[in-house]
Structure formats: C-alpha cells, structure tokens
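Labels below follow one simple rule: chain letters A, B, ... track the order of the sequence lines, proteins then strands, and each chain is numbered from 1.
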Number of protein chains: 4
Amino acid sequence: MAKVSQAHLDARRRSILDAAAKVFAEKGVAAATMAEIAHEAGISPGAIYRYFPSKEDLARGCMEGSAEAVKAAWQHPEQVETDFRTLSRATFAELERSGADADTRLLLERALVAVRDADAALVEEFGAELQRIVRGVAFLLRRDFGARLEGLDVEALAQALYSFYWGARFVRLMAPDAVAPTRQLEALQALMEAAFSVADRESAGTER
Amino acid sequence: MAKVSQAHLDARRRSILDAAAKVFAEKGVAAATMAEIAHEAGISPGAIYRYFPSKEDLARGCMEGSAEAVKAAWQHPEQVETDFRTLSRATFAELERSGADADTRLLLERALVAVRDADAALVEEFGAELQRIVRGVAFLLRRDFGARLEGLDVEALAQALYSFYWGARFVRLMAPDAVAPTRQLEALQALMEAAFSVADRESAGTER
Amino acid sequence: MAKVSQAHLDARRRSILDAAAKVFAEKGVAAATMAEIAHEAGISPGAIYRYFPSKEDLARGCMEGSAEAVKAAWQHPEQVETDFRTLSRATFAELERSGADADTRLLLERALVAVRDADAALVEEFGAELQRIVRGVAFLLRRDFGARLEGLDVEALAQALYSFYWGARFVRLMAPDAVAPTRQLEALQALMEAAFSVADRESAGTER
Amino acid sequence: MAKVSQAHLDARRRSILDAAAKVFAEKGVAAATMAEIAHEAGISPGAIYRYFPSKEDLARGCMEGSAEAVKAAWQHPEQVETDFRTLSRATFAELERSGADADTRLLLERALVAVRDADAALVEEFGAELQRIVRGVAFLLRRDFGARLEGLDVEALAQALYSFYWGARFVRLMAPDAVAPTRQLEALQALMEAAFSVADRESAGTER
DNA sequence: CATGAATGAGTTTTCATTCAT
DNA sequence: TATGAATGAAAACTCATTCAT
C-alpha cells in the first residue's frame, strides 16, 4: 500500500476528522473512544495515529475547521459587499442547516475544555475572535445606521448581539421546538428599526 | 455510630453534592474522579455510594438544584411585585457574582450531557422551563409596555431575550474581559426604550 | 478492607517489590508486564499503582534496596572493625549466595537503562558510589599494607580491584561453571601477598 | 529492479546489521523500533523483513559478529608472535577507542538476553569462549613467567584477569571518569611484576 | 524487490465500584 | 455506618509485522 497519493492521504485525514466530529458530537470528547472513531471511519485504531498524534489533537483538529465564510465576513466587514441585516440573516440561517447542532455541541465542548484546562491559547483565541467580530458588528451598525445610533452604547449593543447569537445557538440545541433563531432575529431587527426610526423622526423634527 | 439523625444524613448528602458540583464544574463530569469529590467533601470514596448509587446519579443530582429565586420570578411574574427592567437587572446582576461562572460551566455540561444521552427527562425539563420563562418574559413585556409593542412579535422577542441571557452567560464564561453582561443589558434596554418611545410618539400623533 | 495496619501495607509493598524483582530479573524490565508482576505478587494490576506510580518507579524501587552491609563497609572502612582480606572475602562470598545472580541481572539492567536514558541521577550515583568504594579500598590497602605498597599506583590498583569485582559478578552470571569468584579472589590475594613480601624483604635488606 | 547482485544483497544486510547494532546499543533491544532501525539504515521498515524474519532474529544477528583480532589472539596464543604484557595492553587499549562503549552496551545486552531466555546456544558460546580465552591467558602466563608462578593458582589467576577485563569494560561504560582501564592494567601488571620478582629473588637465594 | 500505510494484539495506566474490616 | 484497599474492566497508545501498490 506504499506510495499512496497525497490526495488519498488527505481524504483519509478528512474522513477521520469527519468520523471524529460525529462521534465527539454524539458522545462528547471524553466519552468517545478512539476505537469507535476508527470504526466509524472504517479503519483500525492504530491508523488514526498516523494522522493525529493523540486523541486531544484529533479533538483540536475537529474544532478548527468550523470556520466559515460568515465568520470571516463579520471580522472584515469593510471588505465585504454586505450590510448588517443581510449578514445577520445569513448568519442565523446557518443555524438552521442540518449539522449546525452538532457543530454547536462541539463548540460548546471545546469551550468548556478550554476554560477548564485554562488552555490559554484556545481561550485567547476565542476572546480575540470575539473582539474582532464585535468590532465588525459595531462597524456595520455605524455604517448602516449612522447617526440614528445617537445616544446608544454601540459597543455594548454589538456585544449583546454577539451574545444573542451564541444564546440562540445554545437554546436551539437544547430546545429545537422553541422559537426559531431566525424568528428571534426578526423580532430583534424589528425592534432596532423601530428604535432607529425614532431617531429619524427626531432629527427630522430638528430639521424643521 | 448507629442511628444517625436524618438531618445529619441530609447534611452529608448536601455536602457531597456541593463538593461534586465544585469538582464537576472545575474538571468536567468525565474528568472528575470520585476520589477527588470524596476528598473535597471530606469523606471516603466508598461513603459516597451510601448516598448516590453511581457517579452518573451524583452528576444528575448536581444538575438539578440550580433553581433560584430569580428563575422562579420569571416563571411566575404575576405573583411577584416587580417589573421587567428590575427583574432583568436582577437577573443579569446574578451573573456578576462570584461563582456564577462555575454554575455556568455546570449548566453547560449538564446541557451537553442531556443532549448527548438524549436524556429525555432533562431535555424536556429544560424545554419546559424555557417555555415558562419565555411566557413570563412575554407577560412582563406586555404588562409593562402594553400597546407600545404593537407590531412586534412579542413571543419571538421574549425568546430572543432568553437566548441573549444564555449567550451572555456563555460569553462571560469564555471571555470575562468582554463587555459585561449588565452593560450589554443596558444597551438592549436603551434600544427597547427608544423603540417604545416611537410608539408613544406615533400614538400621540394619531391622537392628535 | 479499610484501616489496614502500616505493617500490612509495608509487607504488601515488599511483596510487590519481590515479585517485580523476580520478574524483572527473569524477563528484563522492558519485557516484564505489570500484569505478570501483579500475578506473581498475588494481587491485581491496579493495586500495584497504590504503591508505585509507574512501572519505571517500580523498577527503580527494585534497584535500590540491593544496598548491603558490605557496600557500606567499603565506603566507610575507618568505621568498621575489619581488614582488607576479610572484607574482600565477605564481599565475594556474597556473590555465591543464591539470588546473587538475579541481583546482578537487575543491576546490569539498571546500569544499561541508566546509561541509555542518560539518567544523570542514576549514573551519577553509580559514579559517586564507585568513588567512595574505590577510596575505601585504597584506604584499607594503605592501612593494611602500608609501606609495602611503595612504588604502586594505589588508586589504580583499588580501581582495578573494583573492576575485578564487577567482572567476577558478570562472568559468574554468564558462566556459572567457570572458576568461582572466591577462588579468583584467592589467586589475586596470593599475588598481592607475594608482591608485598618482596617489599618486606627489600626493606629488610635495606636495614642491613 | 530484478536480479540484484548477491554482493548488493550482502551489503544491504550488513548495513541493516550496522544500523540495528547502533540503535540497539543506544536504546536497548526492547526499546528500539524497527522503524528507527530502518530509518538509520536508510530503507523502509518492510524491507528489513527481506533480510531478517523478525526483530529477534535481527537482534541475534547483531550479537554474533563482534569477534576481533585481539580475541582470536587470546584464544590461540601459541600461533601468535606476542607476549602477555603486549597483548594485555593491546586488549585494554581497544577499550579506549571510540565506539568501545557502544560495543560494551550491546554485549551486555546480549548477555542479559541470553541469560534471560536461557538461550543455551549463546550462553554456551560465551562459556566456551571464556574457557578458550582463560586457557590462552594461562598459557601466556606460564610461557612468559614460568617458574615464577610457583605456588600460584594459575587457572584462577587467568580467570581473575578475564573477570577484570569485563569489569573494566563495564565500569568504563558506567563511569567514564573513573581511573582508565589502561591505568588499572598498569597497576595490576606492576603488582604481578613485584610478585614475580620475589620468585626470582627466592630462586636466586636458593641457588646460592 | 522496495515501499510505507494499515493492522491489531498487547501494554501501561486509570478509576468507578465493591466489600472486608 | 465509614473506611480505603483492592478489583478489573476499559481506554489510549505502540509497534512488529503484513501486503497492496
């Protein structure tokens, strides 16, 4: 079986990650066994170790790739041809796709592990990403709503929206039958529009 | 050493639960060992089994009691002398107290376990509580803001606020240096007030 | 099985060490399995870990106790009521006792491991002991034979005798049917006496 | 790639043996891995199995060939133009060459393995070689020192010298900073000469 | 012939649970 | 009742060996 193509190796690596993600999401990282992951991936337990040096590394590997276009868009909103409403909707639509819940499980697990082990790197990364995204949210809010945000703590609002996103993910995971994330988002956006139209009116009044 | 009082037994049970909650929050249920919990509780490993038949049961036991006054208030708002703003603030203030993060960890862990094991009872309980609280939030919103909610999806808004609460908990756990939950809440409330004042104006205008 | 007496624990620890020493000597540290040692000691594999944190520690534990009165005597010859001949004989007589070969195996194994892993501590210890013993040998040589050592490199001679001791151990292990260590020692001592009587004669001649 | 010359095959076999000897000496047989040996030999793990059916066989193969000119000289002293002093010195000089310690490790390992597995063949071989060499030593002692050995147990002395040789090897391995083997040998030879000069004197006195 | 990916049995170690004291 | 030593069933991981390419 020598001299297998790189593509084949990559595919196998991928299949191990997929199998692991599935099993981890199902049972949690701690309860999942390498044997089960191997079985799921259709290989022998030993083979995994040619691709990942340890269970922990495998878990880390699973946690990484869930990066997405959406995430990037929030972090660099100036480079993207979009607006707050659209991007928000795309972000929440993502949560409705199949597999989103499994990702959420994995991400929560990852988060817990990071906090527990005081895994500085992971925690830091989370914090850094948070900051970038919150900054992106604030940027879009200001660009899209401008002066109408007058008197509002935009930073805090952006952070609140970020929190809301995670909460929606979590709640959806726990209670799929509750109000859907997208509908929650609609409600919030309606609220925001109502609030901003006040500003419009007021400034209109001022102009008069 | 015979015939120990029931009170004593209950106290010991309680102390085991406290110890377990602490260790579970620190290390996670899977990584926590009975020996460590026993040590934390100041008893021997074997003694735990007089009170809980298994580690799993102990974990379940930990997961139950995190009920609080605030929670009750949201679930039965009609019985409580309070209003939305006040109760919200009290709720978020709770998140700033020391120990709140440990609770969050435990709750997240609990949630993950419940989802994984398809622990119908726990999931159901979470869902039921969610429903009661969201209903309570909606009740308070309507009572406090009444007609000004015109045109808004109050159910969805209540649900969004509930999501926001969980997200704020989670984010605070992961990134204690981010914008504080209470400040996030202030921002949202400012937004709500702005939105509702529109309604006031409009209705005022209509009356004219 | 709680509250077992310290004596019992010590005895168990001892029995584990004995079992381990036996198995290690038979199979070598690497090839020996904890399961086999446990079986030999009449306990379960897990129980060993209450007494020794790892296989390596167990091996180290086996290697330690082979300290002996004889060794101490060589290292502190001034404190002991003995002479070179007597102590040499006692030392080599030790090699003929049953179990000596097993000790030799263990010591060689220990030595190889130490050298391989560049286990500084162990190597250093060996070197330090060597120095102390060689110094002791030289001390006794000088005290017992005094001026008759004139012209000899006593340090080197002492070191040579130390080497001889180890070589005799090793050869006996490998070829039990070869000339016995004690007889080898006799031959060397005869040689020494012959050499020293020369000195006597010469000094006698000088006096004339 | 068909029909490779026998010479090529032999060379490859040789290179595998060399690589294995190096790795075995460094890590010990048990800890050495076929992968590492293969890497050291510059081939693939699988290829080794074309030349040696198993790791054990490979180890055995390594253990065989450490024969040397010096060894041969001791075993057949009558065929060699040399004397005890010269040959001794040559023998001990060998110990100072670089690589001697690696050989010693391997030999000790070999010895331990042989004793452990009760590998009759290897043990027997060691014993037989020992006997031949001790006989050779005794032969040279008698030839070189003749009557002056009167009263000495020459067999035992020869055996003692053989033991000394091994001990010196071992000690040098463990404590390179101790007195050098050659200096030890000098001391012993000085002792022998002193002893033998007695005999000279005595016989001289008798003649008078 | 060589390669090196894959296998899978075997090893150390952990820890929930039991039970003699 | 409490203790804590002991159990023994996993689980992660290693590596000699095989065999498709």
Side-chain angles (χ1 to χ4, degrees), chain A residues 1-5 8-9 12 30-38 41-58, chain B residues 1-4 8-9 12 30-39 42-59, chain C residues 1-5 8-9 12-13 30-38 41-58, chain D residues 1-4 8-9 12 30-39 42-58:
Chain A
M1 209 173 273
K3 288 291 178 197
V4 170
S5 73
H8 183 275
L9 293 181
R12 171 130 309 182
T33 73
M34 295 301 264
E36 189 171 4
I37 294 168
I43 59 172
S44 70
I48 297 180
Y49 289 85
R50 285 191 74 82
Y51 298 86
F52 301 90
S54 73
K55 188 187 182 183
E56 201 177 341
D57 283 87
L58 179 54
Chain B
M1 209 178 271
K3 289 293 170 196
V4 170
H8 183 271
L9 292 182
R12 173 140 299 186
T33 72
M34 295 300 263
E36 191 172 3
I37 294 168
H39 180 81
I43 59 171
S44 70
I48 297 181
Y49 288 83
R50 291 245 153 224
Y51 300 86
F52 299 91
S54 75
K55 189 188 184 184
E56 200 177 342
D57 284 272
L58 178 54
Chain C
M1 208 174 273
K3 288 291 179 196
V4 170
S5 72
H8 183 274
L9 293 181
R12 172 131 306 181
R13 191 188 151 90
T33 72
M34 294 302 263
E36 189 171 5
I37 294 168
I43 58 173
S44 71
I48 297 181
Y49 289 82
R50 284 192 75 82
Y51 298 86
F52 300 92
S54 74
K55 188 186 182 184
E56 199 177 343
D57 282 87
L58 179 54
Chain D
M1 208 177 268
K3 288 294 170 196
V4 170
H8 182 271
L9 293 181
R12 174 140 297 189
T33 72
M34 295 301 265
E36 191 172 2
I37 294 168
H39 179 81
I43 59 171
S44 70
I48 297 181
Y49 289 82
R50 291 247 153 222
Y51 299 87
F52 299 91
S54 75
K55 189 188 185 184
E56 201 176 341
D57 284 271
L58 179 54

> For the side chain of A:Ser44, counting heavy atoms from C-beta on, which of E:dT13, E:dG8, E:dT11 is nearest?
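Among the listed nucleotides, the one closest to the side chain of A:Ser44 is E:dG8.
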> On DNA chain E, check which nucleotide each of D:Arg50 and C:Glu56 is closest to and give me the residue with the more 5' one.
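Going by which nucleotide is closer to the 5' end, it is D:Arg50.
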> Provide, to the nearest angstrom, the distance between the CD atom belonging to D:Glu36 and the P atom belonging to F:dT14.
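Distance, rounded to whole Å: 14 Å.
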> As an exercise, state the distance from CD1 of C:Ile48 to CE of C:Met34, rounded to the nearest 0.5 Å.
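Separation between the atoms: 4.5 Å.
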> What nucleotide, of F:dT3, E:dA6, E:dT3, holds the atom closest to the side chain of B:Ala47?
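So the nucleotide nearest the side chain must be F:dT3.
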> Look up atom OH in A:Tyr49 and atom OG in A:Ser44, then write down how far apart they are to the nearest 0.5 Å.
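Here the interatomic distance stands at 11.0 Å.
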> Separation of C:Leu9 atom CG from F:dA6 atom C1', in whole Å?
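It is 12 Å, rounded to the nearest whole Å.
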> Quick check on DNA chain E: between D:Ile43 and C:Ala32, whose nearest nucleotide comes earlier from the 5' end?
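With D:Ile43 and C:Ala32 compared, the 5'-side residue is D:Ile43.
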> Which of the following nucleotides, E:dT7, F:dT3, E:dT13, is nearest to the side chain of C:Met34?
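The answer is E:dT13.
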> Calculate, to the nearest 0.5 Å, the distance between atoms CG and CD belonging to A:Leu58 and A:Glu56 respectively.
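Separation between the atoms: 11.0 Å.
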> What is the distance from CG of C:Leu58 to C1' of E:dT12, rounded to the nearest Å?
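So the CG-C1' distance, C:Leu58 to E:dT12, works out to 12 Å.
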> Of the nucleotides E:dT17, E:dA6, F:dA6, which one has an atom closest to the side chain of B:Tyr49?
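Comparing E:dT17, E:dA6, F:dA6 against the side chain of B:Tyr49, the answer is E:dT17.
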> Measure from the side chain of C:Thr33, starting at C-beta and using heavy atoms only, and say which of E:dT11, F:dA2, E:dA6 lies closest.
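It is E:dT11.
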> Would you mind reading off the distance between D:Ile48 atom CD1 and F:dA16 atom P, rounded to a whole angstrom?
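It is 9 Å, rounded to the nearest whole Å.
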> Closest nucleotide of DNA chain F for A:Pro53 versus for C:Gly42: which of these residues is on the 5' side?
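Going by which nucleotide is closer to the 5' end, it is C:Gly42.
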> From OH of D:Tyr51 over to P of F:dT17, roughly how many Å is that when rounded to an integer?
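Result: 18 Å.
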> F:dT1 C1' sits how many Å from B:His8 NE2, rounded?
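One finds 10 Å between C1' of F:dT1 and NE2 of B:His8, rounded.
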> D:Lys55 has a side chain; which of F:dT3, E:dA6, F:dA16 sits nearest to it?
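The answer is F:dA16, which lies nearest to the side chain.
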> Decide yes or no for B:Tyr51 and B:Leu9: does some side-chain heavy atom of the first lie under 4.5 Å from some side-chain heavy atom of the second?
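In contact.
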> Taking all atoms of both residues into account, what is the closest heavy-atom pair of B:Ala35 and B:Pro45, and its distance?
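Where B:Ala35 meets B:Pro45 most closely, the heavy atoms are CA-CG, 4.3 Å.
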> In dot-bracket form, 5' to 3', how is DNA chain F paired? Count Watson-Crick and G-U wobble pairs only if both distances fall under 3.5 Å, and write | where the partner sits on another strand.
.||||||||||||||||||||
> Rounding to a whole Å, what distance do you find between C:Arg13:CZ and F:dA6:C1'?
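About 17 Å, once rounded to whole Å.
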> Quick check on E:dA2: is either OP1 or OP2 less than 4.0 Å from any side-chain nitrogen or oxygen of D:Arg12?
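Looking at the OP1 and OP2 atoms of E:dA2, one of them is under 4.0 Å from a side-chain N or O of D:Arg12.
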> Pick the closest DNA chain F nucleotide for A:Ala30 and for C:Pro45 by heavy atoms, then say which residue is nearer the 5' end.
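First, find each residue's nearest nucleotide; the 5'-ward one identifies C:Pro45.
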> How long is the line joining CG of C:Asp57 and P of E:dT12, in whole Å?
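Rounded to whole Å, this separation is 14 Å.
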> Looking only at side-chain atoms of A:Ser54, point me to the closest of E:dA16, F:dC13, F:dA6.
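In terms of side-chain proximity for A:Ser54, the closest of E:dA16, F:dC13, F:dA6 is F:dC13.
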